[in-house]
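Below, chains carry the letters A, B, ... as their sequence lines are ordered, and counting in each starts from 1. The figures that follow rest on heavy atoms only: side chains count, while hydrogens, waters and symmetry mates do not.
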Amino acid sequence: MSAPSPTGTKAPGPARDKEPGALVDARIQRRLSFLPWAPRWLRQRNLQLWVGLAILAVIVLLAAAAPWLTPYSPETQTITNKLQGPSAAHWLGTDHLGRDELTRFLYGARTDLAVTLVAVLIPFTLGSILGAMCGYFGGWFDMVIMRLADIVTAFPFLVLVIALVFALGQGVTSIFVAISIVSWVAYARIVRGETLVLRQREFVDACVTAGFRAPRIIGRHILPNVISQAVVFAMTDIVLNINVIITLSWLGLGIVPPTVDWGVMLSDSEQFMLIGPYHLILVPAIGTVVFSFALSLIGDGLAVKLRAKR
Amino acid sequence: MSAPLLQVEGLTVSVNVKGRWLVVLDGVTFDVPAAGSVGLVGESGSGKSMTLRAIIGLLPSNGRVEAGSITFDGTDLVANPRTMASVRGSGITMVFQEPAVALNPIMKVGEQITDAVRRHENLNQRQARQLAVELMDRVGITDPANRVDSYPFELSGGMRQRVMIASAIAAKPRLILCDEPTTALDVTVQAQVMALFAELRDQLGAALLYVTHDLPVVASLCRDAAVLYGGRIMETGPIEDVFTRPRHPYTQALLASTPSIDGPTQRLAAIPGTAPGLADRPSGCPFAPRCGLAQPDCSESMPAFTGPLRGGLACHHPLVPGTLGAPGVPNPADQGVTV
């Protein structure tokens, strides 16, 4: 391959010419690429996916290793030590109750990661299966499920979640239930739409003529074909979910203290937002942004990767 | 004489178009003997594919069987939908027209071929793979041991159709429905696939119900023919009789519009007009408006299907074999249609 051209307008190499769509794909990929100005070899690496995964990996590792990384407990209060700036003993300072900010940040990540993961898995599974069934069977089943989806969509997301948490009581379980009830809808709609398209393809008929029953056709032939779109959306959904969880904690409806998460930290440090010390609000805020950013990049990268495969 | 493998009697199918039930198939009757081969011939829109879909229970969601029976191996599939589910795959399978869309794009072809078999027999991974290789070899795919791990997009159209055929014969069905399986292929590949069908027909002992508008294909592959027009059976019979001594004007017109290589060069005869739409089926014979021999009574009443099931006819004024057809419709005997 010749030297990378800085403008990237050079005709693609002979290997890429085989597929008529390759040129267009390359163009789309370039536009979506994480660093449009980067040299060609770097751009073709699907950078957004790898950078996103790298950031996520760092966060996960830090959270998992939290007990060995800091000598403090996230809950022990030392009032005499409160509101200190960064120092050798407390790298990110201490909060208004004298708790080590770094420790709370790491333990908070554990809570948020675990809750987010479960909160996305439940609606992902539920929504995908329901959506595939709707698209495959159609008829009254589709009608009922989709009207149910309309009802859920008609409520403002946060209001509904808050109402549900209110009704079910505070705690992690309530968050799971609340988020699951609301966000299966998006997965169901995505998968249903893809299934409707797929249903027109003769291979589904071919499966029927081969004697397969509906569960097998849906599970083995339809879902694997349509699930990629749902996976891409799941990455976006995790971002939304972590924001919901943090917002709920901030509102006092989510994680119950003394369990710590970034939302609780934000809510605790809100009073210092205007007068300082500012690190108290910046640490969980930046953590949230970086985590969301990483997941967005992964979602982007997966989208490019899965499109290239089609 | 033993009962035929498949008996279709008085099959009437309607589809719902914008609230109106329109008759697509009207009393279709024919049978397929065990290990026989029947070509179902007709123009586009004559109801050929609909007949196949009705047999295997794959009618579109807006279609329904109004009347009639489809008896497979002694059981009426219309009256017993549960039997239908068990008959599919091991009893009846289908080969589709477009191999490009009739295969699951993200599943290895080897897995797709044996998917149906693994449902019936408990095969482990290695046995299934072995079977897939054997079947692929059987249908003439070169280097099956490597191709077994290919995805459909890595294969050519002809190869894909061979894979389709392999998966159709995998469970050793007794009846294979073919919905124009060679239409999407180019001529050379078409010839190869035809040869494969002929070979399988003789070796497997499976009956073949072959739907096509391509008359030479039927002539070379099938023992019997049934001519379908406007959702009705026009003429049935052994292939030699139907193709060399057609009695129905439609059959004759259809034969006359088949190009031939070795006949004298002349303008290809076309049947005037187009096949009637679903909404405006004439009350009499559906072919009457286009028929050169039509008499007043043709557009008044539908001629009943008379004669034996194999060799029957639905026409008020059948051609007497050997006489010239309607003006403008040359006798097929002059056209060099070979059987």
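Between chain A and the options B:Asn104, B:Leu177, B:Val87, B:Ile106, the largest number of non-hydrogen pairs under 4.5 Å is found for B:Asn104.
The number of heavy-atom neighbours closer than 6.0 Å to CZ of A:Phe155, taken from other residues, nucleotides and ligands shown, is 12 or below. Enclosure of atom CZ in A:Arg147 by more than 12 non-hydrogen atoms of other residues, nucleotides or ligands within 6.0 angstrom is indicated. Residue-environment remark: CD (B:Gln125) stays at or below the threshold of 12 foreign heavy atoms within 6.0 Å.
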>> Using side-chain contact (heavy atoms from CB on, under 4.5 Å), reason through A:Phe203 and B:Val101 one step at a time and then give a plain yes or no.
In response: CA-CA 6 Å; A:Phe203 84 82; B:Val101 293; over 6 Å; no
> Passes side-chain contact (heavy atoms from CB on, under 4.5 Å), B:Thr93 versus A:Thr209? Steps please.
Replying inline: CA-CA 6 Å; B:Thr93 52; A:Thr209 63; 5.5 Å; no
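When all heavy atoms are compared, the tightest approach of A:Ala206 to B:Ala102 is CB-O, 3.8 Å.
In this structure, the portion of B:Leu103 lying under 4.5 Å from any heavy atom of chain A is its backbone and not its side chain. Only the backbone of B:Ile92 comes within contact range of chain A, with at least one heavy atom under 4.5 Å from a heavy atom of that chain. Within the 4.5 angstrom heavy-atom criterion, atoms from both the backbone and the side chain of B:Met94 approach chain A.
For the pair A:Arg220 and B:Glu111, the minimum side-chain heavy-atom distance is below 4.5 Å.
For the pair B:Glu98 and A:Arg201, the salt-bridge criterion is not met [side-chain N within less than 4.0 Å of a carboxylate O].
The CD atom of B:Gln112 sits 7.0 Å away from the NE2 atom of A:His221 when rounded to the nearest 0.5 Å. Atom-to-atom distance recorded for B:Arg88:CZ and A:Cys207:SG is 11.5 Å, nearest 0.5 angstrom.
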